[in-house]
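Working notes, beginning with the structure itself.
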Amino acid sequence: MGHHGGAHVAHGRVTAGGLETTVSAAIAAPGEQNASAPPGLPGWRRLLGVTGLVLVLACLLPPLATLARRYVFAESLQFCVLAMAGPALIVLGAPWRFLRLSSAAGRLAAVRRDKRSFGRAAVFLIAFVAVCLAWRLPPAMDALARQPALVVPEALTLLAVGGGLWLELVDSPPLAPRLPRPGRAAVAALAMWSTWAVAYVLGFASHAVFHAYDAAGSGLSAVADQEIAVGLVWAVAGACFVPVVITSMLGWLAGGEDTDEEFQRVFRDENQRATVRGWGPRPRRRPTSSA
């Protein structure tokens, strides 16, 4: 890529005024591959995947699983890990070989390359918002407190939609996001705002919204319990999605590409894959002169 605003990009790095900044592989352009990159992920990325798996297990086992049936803030912390922090760390760490899912991940990567990215990302975003909202409604929250076994379907559904959403936002070899960087930033922002909106409604309640939680004897009132829960949801959602918004926009700006050009490239690639052989425009025959 040539000079743009006093900066140029070469071999995955951005140089501006002698200052060199490595562009993160997690926000690489759709379909972009770095041939000079060593195989595998760096150690800190792999550690993120292990951390995500440990956090998910910790949410499903005592003491947090027990506290989540008594305190709203503990249940909200469990929700944040299962819906946002856990899927984000697992996808970033790409522990597919550790989970014996390398073959499945490879097949999924091939399928994803042949399908439109905008529609798929919209489906996962809508599913994420709908599932998160369903598990945060008062009847569902009270049912989780009264019937601890419901945490299993909650975990499965939240991890599924959360993982699918994060695969549209960050690189997780061999899976790569197909959305342009501005699109990833928009999807991350919408997911964060939807989570904040649900918590925002709860934060304005001046009375106990949930009735199956009992914080008696702890010195923590029901309203204070709910307010702590709101703060946790806001903080975790921001910590998960704001970095994606920032890095996606910085990566796009550092690349010096126009938004329309990047979107047109994705549509052009998808249209080329959708063209059936033999249905394209036929070449014109040259006129032959009669002897």
Side-chain angles (χ1 to χ4, degrees), residues 50-91 95 99 101 123-167 191-237 239-241:
V50 175
T51 303
L53 293 172
V54 171
L55 286 177
V56 170
L57 289 176
C59 286
L60 301 176
L61 298 174
L64 183 56
T66 304
L67 293 174
R69 310 283 72 82
R70 183 179 179 186
Y71 299 99
V72 176
F73 80 85
E75 197 284 332
S76 297
L77 179 60
Q78 186 183 60
F79 165 81
C80 288
V81 171
L82 296 176
M84 294 177 284
L89 293 172
I90 292 172
V91 170
L99 297 174
L101 295 174
V123 168
F124 278 115
L125 176 61
I126 294 172
F128 175 81
V129 173
V131 172
C132 289
L133 177 61
W135 285 112
R136 300 305 289 169
L137 293 175
M141 292 275 289
D142 288 337
L144 285 168
R146 296 189 180 103
Q147 301 178 23
L150 286 177
V151 73
V152 175
E154 180 194 26
L156 292 176
T157 53
L158 289 177
L159 289 172
V161 297
L165 179 67
W166 278 95
L167 286 174
M192 178 181 65
W193 290 335
S194 66
T195 308
W196 280 357
V198 177
Y200 191 73
V201 174
L202 178 61
F204 269 93
S206 58
H207 59 280
V209 177
F210 312 108
H211 305 289
Y213 295 86
D214 182 17
S218 64
L220 183 67
S221 66
V223 175
D225 189 14
Q226 293 174 177
E227 291 175 348
I228 296 174
V230 171
L232 281 172
V233 174
W234 283 357
V236 175
C240 290
F241 291 112

Under a 3.5 Å distance rule, please check whether Asp225 uses its side chain to pair with a backbone N or O of Tyr71 as donor and acceptor. no

So CG of Leu133 and OG of Ser194: to nearest 0.5 Å the spacing works out to 9.0 Å

One should read off an interatomic distance between Glu227 CD and Leu232 CG, to the nearest 0.5 angstrom, of 12.5 Å

Hey, can you pull the donor-acceptor pairs under 3.5 Å for the side chains in residues 75-90, sequence neighbours left out?
{"residue": "Glu75", "atom": "OE1", "partner": "Arg136", "partner atom": "NH1", "Å": "2.7"}
{"residue": "Ser76", "atom": "OG", "partner": "Val72", "partner atom": "O", "Å": "2.9"}
{"residue": "Ser76", "atom": "OG", "partner": "Arg136", "partner atom": "NH2", "Å": "2.8"}
{"residue": "Gln78", "atom": "NE2", "partner": "Cys59", "partner atom": "O", "Å": "2.7"}

Test item: Tyr213 side-chain N/O and Ala208 main-chain N/O as donor-acceptor pair under 3.5 Å: no

Separation of Leu165 CG from Ile126 CD1 (nearest 0.5 Å): 11.5 Å

Is the backbone of Leu144 close enough, under 3.5 Å, to the side chain of Arg69 for a donor and an acceptor to pair up by distance? yes

Is the ring pair Trp166/Phe241 parallel, tilted or perpendicular, if the boundaries are 30 and 60 degrees? parallel

Please report the closest heavy-atom contact between Trp196 and Ala237, naming both atoms and the distance. NE1-CB, 3.6 Å

Which atom pair, heavy atoms only, marks the closest approach of Phe210 to Pro138? CE2-CA, 3.5 Å

Side-chain touch Leu167/Phe124, heavy atoms, less than 4.5 angstrom: no

Could you pull out the closest heavy-atom pair between Trp135 and Leu150, with the gap in Å? CH2-O, 3.9 Å

Taking the side chain as C-beta and beyond, is there a heavy-atom pair between Val198 and Val233 under 4.5 Å? no

